[in-house]
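Just so you know, these numbers use all the heavy atoms, side chains as well, and skip hydrogens, waters and symmetry mates. Quick caveat: nothing in here was measured; it's all calculated off a predicted structure.
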Amino acid sequence: MSWALILSEKNWEDENLNLTEKILLARLQSCAYSSRDNRARISNEQLAKEMDLTPHTISRYIASIEKKGLIKREIVNHNGKTTRLVYIV
């Protein structure tokens with residue numbers, strides 16, 4: 001699978017985001033923008049594999065990006081399966 005990262009100039013120049021957070025935010029945006037409902041559906045395990053990080057590290061970065069108000073997470077249960085959805089704010 002191939003994908004491209006596009007990050008807004010505003011987010012690229014945001015000094016409150018480190019480089020890894022910027023790359024992760026761009027990846028989440030690419031997932032969200034390619035979905036019909038603008039929600040990213042990608043696991044921490046997949047992101048960790050793509051970024052050569054651990055799932056725990058991805059989780060910490062996602063929490064940090066959410067705390068900075070750039071994304072919102074929602075946990076949904078559907079037929080016994082838990083899924084995390086990420087909205088770009």
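Residues L7 and Q29 form a side-chain contact, since some pair of their non-hydrogen atoms from C-beta on lies under 4.5 Å apart. L28 has its side chain out of reach of L70: every pair of non-hydrogen atoms, C-beta onward, lies at least 4.5 Å apart. You'll find the side chain of N18 reaches within 4.5 Å of the side chain of E21, heavy atoms only. Residues L85 and D37 have side chains not in contact (no heavy-atom distance under 4.5 Å, counting atoms from C-beta outward).
The hydrophobic cluster containing V89, built from Ile/Leu/Val/Met/Phe/Trp/Tyr side-chain heavy atoms closer than 4.5 Å, comprises no other residue.
Applying the side chain to side chain donor-acceptor pair (under 3.5 Å) test to T20 and every residue at least two apart in sequence or in another chain returns nothing. Partners of E45 by salt bridge (charged side-chain N to carboxylate O under 4.0 Å, His left out), not counting sequence neighbours: none found. Residues satisfying the side chain to side chain donor-acceptor pair (under 3.5 Å) test with R60, not counting sequence neighbours, are none. With sequence neighbours excluded, no residue forms a side chain to side chain donor-acceptor pair (under 3.5 Å) with Y33.
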Could you walk me through whether N44 and Y61 satisfy the side-chain contact (heavy atoms from CB on, under 4.5 Å) test, starting with their C-alpha distance in whole Å, then the side-chain angles of each, then the deciding distance to 0.1 Å, before giving a yes or no? CA-CA 10 Å; N44 287 359; Y61 280 124; over 6 Å; no
Checking side-chain contact (heavy atoms from CB on, under 4.5 Å) for the pair V86/R39: CA distance, chi angles, key distance, verdict? CA-CA 5 Å; V86 176; R39 298 186 285 193; over 6 Å; no
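Taking both residues in full, the closest heavy atoms of C31 and A40 are given as CB-CB, 3.8 Å, listed atom of the first, atom of the second, then distance. Considering every non-hydrogen atom in both D14 and K22, the closest pair reads O-CE, 3.4 Å.
Note that CZ of R27 and CD1 of I58 are 10.5 Å apart. Values are rounded to the nearest 0.5 Å. Atom CG of residue L25 and atom CH2 of residue W12 lie 11.5 Å apart, to the nearest 0.5 angstrom. Here the CD1-CD distance, from I23 to E50, works out to 12.0 Å after rounding to the nearest 0.5 Å. In this structure, CD1 in I88 is found 9.0 Å from CG in N38, a value given to the nearest 0.5 Å.
Using modelled atom types, no side-chain atom of T57 and backbone atom of L53 make a donor-acceptor pair closer than 3.5 Å. Remark: side-chain polar atoms of R84 are paired, donor with acceptor, to backbone N or O of I42 under 3.5 angstrom.
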Result block: side-chain N/O donor-acceptor pairs under 3.5 angstrom for residues 76-83, not counting sequence neighbours:
unit_1 : atom_1 : unit_2 : atom_2 : d
N77    : OD1    : T82    : OG1    : 2.6

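Remark: K72 does not engage E66 in a salt bridge, criterion side-chain N to carboxylate O under 4.0 Å.
Summarising the local packing, CD of E9 is surrounded by 12 or fewer heavy atoms from other residues, nucleotides or ligands at distances under 6.0 Å.
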